[in-house]
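Let me begin by presenting the structure, written as structure tokens, before commenting on it.
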Amino acid sequence: QVQLVESGGGLVQPGGSLRLSCAASGSDFRINDMGWFRQAPGKERELVATITSGSSTNYADAVKGRFTISRDNAKNTVYLQMNSLKPEDTAVYLCYADSGVNDLNPLYSWGRGTQVTVSS
């Protein structure tokens with residue numbers, strides 16, 4: 001397991017943009033897949049975007065075309081660029097990382113989350 005710290009959340013008006021970052025740290029680790037979930041009050045946790053170690057990406061339909069996930073393996077950091085934000089995007093955004101010893105044995109770590117509020 002590793003430690004994950006998110007940053008970049010805040011208050012933004014509809015149509016605005018935010019860029020979230022999540023940095024992984026630890027003693028001796030490797031990072032496989034990474035991604036972002038979001039949790040809004042009264043709603044189930046939603047998988048927003050994922051990115052594999054080979055930089056293959058996948059997005060939830062609700063954010064496709066507006067959000068972009070990327071990673072910097074040298075910095076052990078995953079990013080989520082959020083454009084054309086809508087009030088429906090308001091949620092706590094949490095990143096995860098798989099630090100398993102191989103792809104057949106995932107070991108997931110979670111960040112504490114960062115609040116994104118889209119409101120006028």
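The figures here come from the full heavy-atom set of this structure, side chains too, leaving out hydrogens, waters and symmetry mates.
- The structure places CG of Leu20 at 10.5 Å from CG of Leu94, a figure rounded to the nearest 0.5 Å.
- Atom CG of Asn58 and atom NZ of Lys64 lie 7.0 Å apart (nearest 0.5 Å).
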Can Ser99 and Tyr108 be said to form a side-chain contact (heavy atoms from CB on, under 4.5 Å), step by step?
CA-CA 6 Å; Ser99 59; Tyr108 293 108; over 6 Å; no
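- Note that Arg45 lies in the cation-pi zone of Trp110, set by a 6.0 Å cut-off to the ring centre and a 45° limit from the axis.
- The OG1 atom of Thr117 sits 6.0 Å away from atom CG of Leu11, with the distance rounded to the nearest 0.5 Å.
- Within the 4.5 Å cutoff, the side chain of Pro87 has heavy atoms near those of the Pro14 side chain.
- When every heavy atom of Ala24 is checked against every heavy atom of Phe29, the shortest pair comes out as O-CZ, 4.0 Å.
- Heavy atoms only, all atoms of each residue included: Ser21 and Thr77 are closest at CB-CG2, 4.5 Å.
- Separating the SG atom in Cys95 from the CD atom in Glu6 is a distance of 4.0 Å, to the nearest 0.5 Å.
- Under a 3.5 Å cut-off, the side chain of Asn102 and the backbone N or O of Asn105 do form a donor-acceptor pair.
- Residues satisfying the side-chain contact (heavy atoms from CB on, under 4.5 Å) criterion with Ser25, sequence neighbours excluded, are Gln3.
- Among all heavy-atom pairs drawn from Gly113 and Val92, the shortest one is CA-CG1, 3.9 Å.
- When all heavy atoms of Ala97 and Met34 are compared, the closest pair comes out as CB-CE, 4.1 Å.
- When all heavy atoms of Leu85 and Leu18 are compared, the closest pair comes out as CD1-N, 3.9 Å.
- Screening residues 91-119 for salt bridge (Lys or Arg N to Asp or Glu O under 4.0 Å) gives Arg30-Asp103 as the qualifying pairs, with residues at least two apart or on separate chains.
- When side chains are defined from C-beta on, Val48 does not count as touching Tyr59, because their heavy atoms never get closer than 4.5 Å.
- Once rounded to the nearest 0.5 Å, the distance linking CD1 of Ile31 with OG of Ser53 reads 11.0 Å.
- Listed for the Thr114 side chain is no donor-acceptor partner under 3.5 Å among the backbone atoms of Gly8.
- Pairs passing the side-chain hydrogen bond (donor to acceptor under 3.5 Å, both in side chains) check and including a residue from residues 78-96, sequence neighbours excluded, read Ser17-Asn83, Arg38-Asp89, Arg38-Tyr93, Arg66-Asp89, Gln81-Asn83.
- Cluster annotation: Ile51 is connected to Met82 through the hydrophobic network of ILVMFWY side chains, with a link wherever side-chain heavy atoms come within less than 4.5 Å.
- Residues Ala62 and Glu46 share a closest heavy-atom pair of CB-OE2, 4.1 Å.
- Note that the OG atom of Ser56 and the CG atom of Asp33 stand 9.0 Å from one another [nearest 0.5 Å].
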